[in-house]
Amino acid sequence: MLDLIQISVINLIAKLLKFFFELGTSFFVSKETYGQFALILSYIMIFTKISSFGIQNIMVRDVQKYSNKKYISYIFFNSAITIFAVAILLFIALNIFSFDYIRYYPIIFIIFLLNSFTILYSTYLRSIKEIKSWIYFQDIQIYVIYFSLLGILYITQTQELNIGFILNIYTLSTIVASLSIILYLRFKRNINLVSKISYEKIKYITSHSLPVLFTGLTYLVISRIDIIMLEKYVSLELVGEYNIIARVTLQVLFFNQVIVSYYYPRLAKMFADKRDISQIASYNTKFVLLSFISVTIVSLALFIAINYFTLFELLNIKNRDSLYDVFIILAITQIFYSAMSFYGNILIYIHKQKMEYFNNFIVLLLAIVLNIILIPKEGVVGASIATSVALIIGNCLQMIQVKYFTGTFFISFKWGIR
C-alpha cells in the first residue's frame, strides 16, 4: 500500500507537470500562438506514437520472460533500430506529401524521434516494476527542463515569445531527457546501448508491435483529430480553448493512470506465469472497481469546481456555454472508459493483438466520419461527441473479442459474471 501511495504522489507530480505543459504555455504566449502550439503538439504526439511503434507495450510483456541483461540489451537495441527506421520513413513521407508544419518546422522530427527513444528506454524500468523511476524519466524531467528554460526565456526576452521559441525549448528538453535515461540504463543498470542487429528480431518486434501501434495510435488520433479538424471551422483561439477543456477533462483519469501503472506489469506477469483465469479475473476486478470509482469521484470534483467555483475564469475561457457541454460529454465518456479500457491489454496478453487491426479501422473510420459530419454543424460540441462515440465503441469491440476468445469478461464478483 505504501508503494502505491508513493507511486500516486510521483504520478500526481508528473500529471500536473504534463497538464501545465499543455495549459501553462498559454500564460506565456498570445492566444493565437497557443492555438498554433496546441495544433502542432497534437501532430507531434501522433508522430511520436507512430515512430515508437507500440514497441514499449511488447517490451513490458517480453522483459518479464528474461533476466539476462545481454539479451535484454539485444532486444532493446533492435527495438531502437526499428524506431529510428520508422521515424525516418515517416519524415520522408511527410515531406513527400508536403506537410506544411514539418516543412516550416523540421525540428519537429527531432522532437518526436527523441520522445520515442525516451518512451522505449524508460519502459525497461516499468517492466522490472520500478514504476517511480519510470514515471520520473518518462514524464517528469522533460517538463521540469521545459518550464525552467521557458521561465528564463520569458524573463530575459523583451519581445513576445513565438512558436519558434517554444519549439526550440521543447527540442532542447527532449534532448536532455532522452540522453538522461539512456545514460542511466547504461551506467546504473548495465544495459548495453549497442548489440547485434537481427533481422529476425526486428521482424518479431514489428509483427507483434504493429497491432498495438494501431490501437494506441487510433485512440491518440481520436483524442487529437478533433483539434486538427476544428482548425478549418473555428478560430485558433477557440481551438486553444477547446484543447484546454479537453486536457482538463482528461485529468479525471489521473488515479486511473496511477492504478494502471501499478497494475499492468503485475497483470502481464500473471499471464506470463499462466495463472488460472479465475485468479486473473479476481485480480482484474479490483483494478476495474478502483479505476471506475476514482474517475467518477474526480469527475464530480471537477464538475463542482466548474459550477460552484471559478475554474473557467481561472482558465480564461470565453466560450463558456459550448465548452461546458464539451466538458460534460467528455467526462461521462472517461467514466465509462475507465471501466473498459483494460480489454485492449488483455488482447495483447492472450496474443490476440491482431484483432486490433479490425478494431482500429472501424473506430478510426467512425471518428473521422463523425467529425466530418458533426464539426461543421455543432463545432466544438460536435467534436466532443465524435470523440466520445468512437472511444466507447472501440472499448465495446475489445470487450466482445476478449469474451469470445477466453469465455470470460475478466470480471469476477461473488454475485457476478465471469
Side-chain angles (χ1 to χ4, degrees), residues 13-52 56 83-84 86-88 90-91 94-95 99-122 135-157 159-183 217 220-221 223-224 227-228 231 236 239-240 242-244 246-248 250:
I13 295 171
K15 298 308 175 187
L16 285 174
L17 285 170
K18 186 174 183 179
F19 177 74
F20 288 122
F21 168 64
E22 289 214 38
L23 273 68
T25 302
S26 66
F27 295 103
F28 293 88
V29 298
S30 67
K31 282 213 165 188
E32 186 87 5
T33 298
Y34 177 72
Q36 191 177 17
F37 169 74
L39 191 61
I40 293 175
L41 185 60
S42 296
Y43 284 119
I44 288 174
M45 295 185 73
I46 292 172
F47 299 154
T48 298
K49 180 66 70 174
I50 294 172
S51 61
S52 62
Q56 69 275 12
I83 285 174
F84 182 75
V86 172
I88 291 292
L90 176 59
F91 179 74
L94 291 171
N95 278 281
F99 178 70
D100 286 341
Y101 284 109
I102 204 73
R103 291 168 59 202
Y104 298 148
Y105 307 107
I107 204 170
I108 289 174
F109 168 74
I110 297 175
I111 296 174
F112 74 73
L113 174 62
L114 294 181
N115 278 342
S116 299
F117 283 141
T118 300
I119 291 170
L120 171 67
Y121 284 108
S122 62
I135 295 171
Y136 169 75
F137 279 107
Q138 181 168 296
D139 293 325
I140 290 182
Q141 66 171 352
I142 186 171
Y143 300 125
V144 171
I145 298 166
Y146 174 83
F147 277 112
S148 298
L149 294 174
L150 182 60
I152 293 171
L153 194 61
Y154 183 76
I155 293 171
T156 58
Q157 285 289 323
Q159 63 189 64
E160 186 179 85
L161 297 181
N162 58 34
I163 192 64
F165 280 119
I166 299 300
L167 290 178
N168 286 335
I169 295 171
Y170 191 17
T171 302
L172 185 56
S173 302
T174 59
I175 292 172
V176 176
S178 59
L179 285 176
S180 177
I181 180 60
I182 289 172
L183 292 175
L217 181 60
L220 177 59
V221 169
S223 68
R224 294 287 175 169
I227 295 172
I228 293 170
E231 182 193 18
L236 278 176
V239 170
Y242 177 85
N243 183 66
I244 289 173
R247 297 317 117 200
V248 167
L250 282 176

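Remember, predicted model here, so these are calculated numbers, not experimental data.
With sequence neighbours excluded, the residues forming a side chain to side chain contact (heavy atoms under 4.5 Å, CB included) with N95 are F91, I102, R103, listed by chain and number. For S26, there are no side-chain hydrogen bond (donor to acceptor under 3.5 Å, both in side chains) partners, not counting sequence neighbours. Taking the ring pair (Phe, Tyr, Trp, His ring centres under 6.0 Å) definition, one finds that Y154 meets it with F28, sequence neighbours left out. Every residue meeting the side chain to side chain contact (heavy atoms under 4.5 Å, CB included) condition with I182, not counting sequence neighbours, appears here in chain and number order: Y121, L193. Contacts of L179 classified as side chain to side chain contact (heavy atoms under 4.5 Å, CB included), with partners at least two apart in sequence or in another chain: I175. Residues forming a side-chain hydrogen bond (donor to acceptor under 3.5 Å, both in side chains) with S116 (at least two apart in sequence, or on another chain): S51. Under the side chain to side chain contact (heavy atoms under 4.5 Å, CB included) criterion, V144 pairs with L17, I140, S148, not counting sequence neighbours. For Y136, there are no ring pair (Phe, Tyr, Trp, His ring centres under 6.0 Å) partners, not counting sequence neighbours.
Ring-centre distance between F20 and F147: not below the 6.0 Å cut-off.
Closest heavy-atom contact between S180 and Q141: OG-OE1, 3.2 Å. The minimum heavy-atom distance between T118 and A177, with the atom names listed, is OG1-C, 4.1 Å.
Annotation: salt bridge (charged side-chain N to carboxylate O under 4.0 Å, His left out) contacts involving residues 165-175, sequence neighbours excluded, are absent. The salt bridge (charged side-chain N to carboxylate O under 4.0 Å, His left out) analysis of residues 24-42, with sequence neighbours excluded, yields the pairs K31-E241. Counting only residues at least two apart or in different chains, side chain to side chain donor-acceptor pair (under 3.5 Å) contacts with residues 169-178 comprise N115-Y170.
L150 CG to F27 CZ: the interatomic distance, rounded to the nearest 0.5 Å, is 12.5 Å. Here N168 contributes atom CG and N162 contributes atom CG; the two are 9.0 Å apart, rounded to the nearest 0.5 Å. Atom NZ of K18 is separated from atom CD1 of I142 by 10.5 Å, given to the nearest 0.5 angstrom. Distance check: L149 CG to L172 CG gives 5.5 Å after rounding to the nearest 0.5 Å. To the nearest 0.5 Å, atom CD1 of residue I108 and atom CD1 of residue I111 are 6.5 Å apart.
At a threshold of 4.5 Å between non-hydrogen side-chain atoms, the residues T25 and Y146 count as touching. Looking only at side-chain heavy atoms (C-beta outward), T33 and L161 stay at 4.5 Å or farther from each other.
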Subject >> I227 and Y242: CA distance, side-chain angles, deciding distance, side chain to side chain contact (heavy atoms under 4.5 Å, CB included) verdict >> reply: CA-CA 8 Å; I227 295 172; Y242 177 85; 4.0 Å; yes
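Without hydrogens or angle criteria, Y34 side chain to E22 main chain gives a donor-acceptor distance under 3.5 Å. The backbone N or O of V239 sits nowhere less than 3.5 Å from a side-chain atom of N243 that would complete a donor-acceptor pair.
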With a cut-off of 3.5 Å and sequence neighbours excluded, list every side-chain donor-acceptor pair involving residues 36-48.
from, atom 1, to, atom 2, distance (Å)
S42, OG, A38, O, 2.9
S42, OG, R224, NH1, 3.4
T48, OG1, I44, O, 2.8

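Just one residue in the list Y101, F109, F99 forms a side-chain contact (heavy atoms from CB on, under 4.5 Å) with L94, and that residue is F99.
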